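Following: one structure in structure tokens, then a few remarks.
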Amino acid sequence: MDAEAQDSFREFVEHRSSALLKTAVLLSGGDRHTAEDLLQNALIKAAGRWHRIDEPEAYVRQILYRQQISRWRLKWPRRELSVAEPPEGRTADDDSSAAEVRLVMRSALARLTARQRTVLVLRYFEDLPEADVARILGCSVGTVRSTTHRSLARLRTLAPELAALNAPSRPSRDFAPVEVRP
């Protein structure tokens, strides 16, 4: 790599590594050390092809996704986080509700399988359409839809407190059904 490419790569890492690390943390289920390893490996791969990359951030994100897919396909079992007691529910009026939501969401994502977590991160954090997620993961759009549905259902089961944290502070208006006569 020549000096100009090195400077360009250093500048990219300085400006985009924090955003890429956030994605890697979500992909790894909140394990910061695993996320740092994931990002470091992605940056190493990108550095080797730096002079041929047109869109560096998209390229590094693609590497992150594919490495995560490779991790979940490994045969040995992963560690599972066990908790003695479920976390207490909070109200949305709490001053720390945004931080609480992040902590609860991180904990709940960590309890999902790697595949479920990856699909949710790509769909909702990265805001990718189903077709793009299917292309990235190498599966059909139907598989993305069913995995998303099952992942959200499992997330609701694992973290029912998320509904309480995001509940509206005022009651919604419920209208009685109206009978329509011909």
Side-chain angles (χ1 to χ4, degrees), residues 16-43 57-168:
R16 300 306 305 154
S17 62
S18 63
L20 293 168
L21 183 60
K22 287 178 186 177
T23 300
V25 168
L26 288 171
L27 288 170
S28 65
D31 184 352
R32 187 167 175 92
H33 297 294
T34 302
E36 289 171 351
D37 290 343
L38 195 65
L39 180 58
Q40 183 176 10
N41 289 336
L43 290 173
E57 185 162 355
Y59 187 84
V60 172
R61 286 183 186 275
Q62 184 77 23
I63 294 171
L64 287 172
Y65 306 146
R66 290 188 178 178
Q67 284 183 332
Q68 181 62 22
I69 292 168
S70 296
R71 286 185 61 231
W72 89 49
R73 289 182 176 160
L74 293 175
K75 299 293 182 190
W76 62 79
R78 296 282 175 209
R79 292 180 287 150
E80 186 172 309
L81 180 63
S82 299
V83 181
E85 296 178 17
E88 295 177 5
R90 305 266 179 180
T91 64
D93 295 333
D94 189 8
D95 290 338
S96 63
S97 65
E100 186 72 23
V101 168
R102 284 194 305 271
L103 291 172
V104 170
M105 182 59 80
R106 178 180 284 180
S107 173
L109 283 172
R111 291 181 272 172
L112 293 175
T113 66
R115 182 179 186 96
Q116 290 173 329
R117 185 172 49 249
T118 302
V119 168
L120 290 181
V121 168
L122 291 175
R123 283 287 292 130
Y124 298 108
F125 181 74
E126 293 293 323
D127 199 26
L128 295 176
E130 291 169 339
D132 289 351
V133 174
R135 184 183 45 76
I136 288 169
L137 299 180
C139 62
S140 69
V141 172
T143 301
V144 170
R145 287 180 183 156
S146 63
T147 304
T148 301
H149 176 74
R150 289 186 195 111
S151 302
L152 289 172
R154 180 156 162 87
L155 193 63
R156 287 183 192 104
T157 302
L158 291 172
E161 62 272 16
L162 285 174
L165 289 171
N166 289 327

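Everything quoted here is computed from the prediction, not taken from an experiment.
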Side chain to side chain contact (heavy atoms under 4.5 Å, CB included) partner of Leu155, chosen from Gln116, Arg111, Met105: Met105

A side-chain contact here means heavy atoms from C-beta on lying under 4.5 Å apart; do Leu109 and Phe125 qualify? no

Heavy-atom neighbours of Arg154 CZ exceed 12 at 6.0 Å: yes

How many angstroms lie between CD in Glu130 and OG1 in Thr148, if you round to the nearest 0.5 Å? 6.5 Å

Closest approach of Ala108 and Ala159, non-hydrogen atoms and distance? CB-CB, 3.6 Å

If we check side chain to side chain contact (heavy atoms under 4.5 Å, CB included) with Cys139, which of these qualifies: Thr143, Ile136, Val141? Thr143

Closest non-hydrogen contact found for Thr118 with Gln68 is OG1-CG, 3.1 Å

Under 3.5 Å, side chain of Ser107 to main-chain N/O of Leu103, donor-acceptor pair present? no

Between Ser28 and Thr34, which heavy-atom pair has the shortest distance, and what is it? CB-CG2, 3.9 Å

I want to check something: taking the side chain as every heavy atom from C-beta on, are Leu20 and Arg61 in contact at a cut-off of under 4.5 Å? yes

Leu112 and Ser151 have their tightest heavy-atom pair at CD2-O, 4.1 Å

Roughly how far, to the nearest 0.5 Å, is CG of Asp31 from CG of Leu38? 10.5 Å

Do Tyr65 and Val121 have side chains that get closer than 4.5 Å, going by heavy atoms? no

Just by modelled atom types, is the Ile69 backbone N or O under 3.5 Å from a matching donor or acceptor in the Arg115 side chain? no

Applying side chain to side chain contact (heavy atoms under 4.5 Å, CB included), run through Arg106 and Val25 and close with a yes or a no. CA-CA 9 Å; Arg106 178 180 284 180; Val25 168; 3.9 Å; yes

Working to the nearest 0.5 Å, report the span between CG of Leu152 and OG1 of Thr157. 10.5 Å

Answer whether the closest heavy-atom distance between the side chains of Glu36 and Leu21 falls below 4.5 Å. yes

To the nearest 0.5 Å, what is the distance between CZ on Arg32 and CG on Leu39? 10.0 Å

I want to check something: taking the side chain as every heavy atom from C-beta on, are Thr147 and Leu137 in contact at a cut-off of under 4.5 Å? no

Heavy-atom closest contact (Arg123 atom, Leu128 atom, distance): NH1-O, 2.7 Å

Give, for atom CG of Leu122 and atom CG of Leu27, the distance between the pair rounded to the nearest 0.5 Å. 6.5 Å

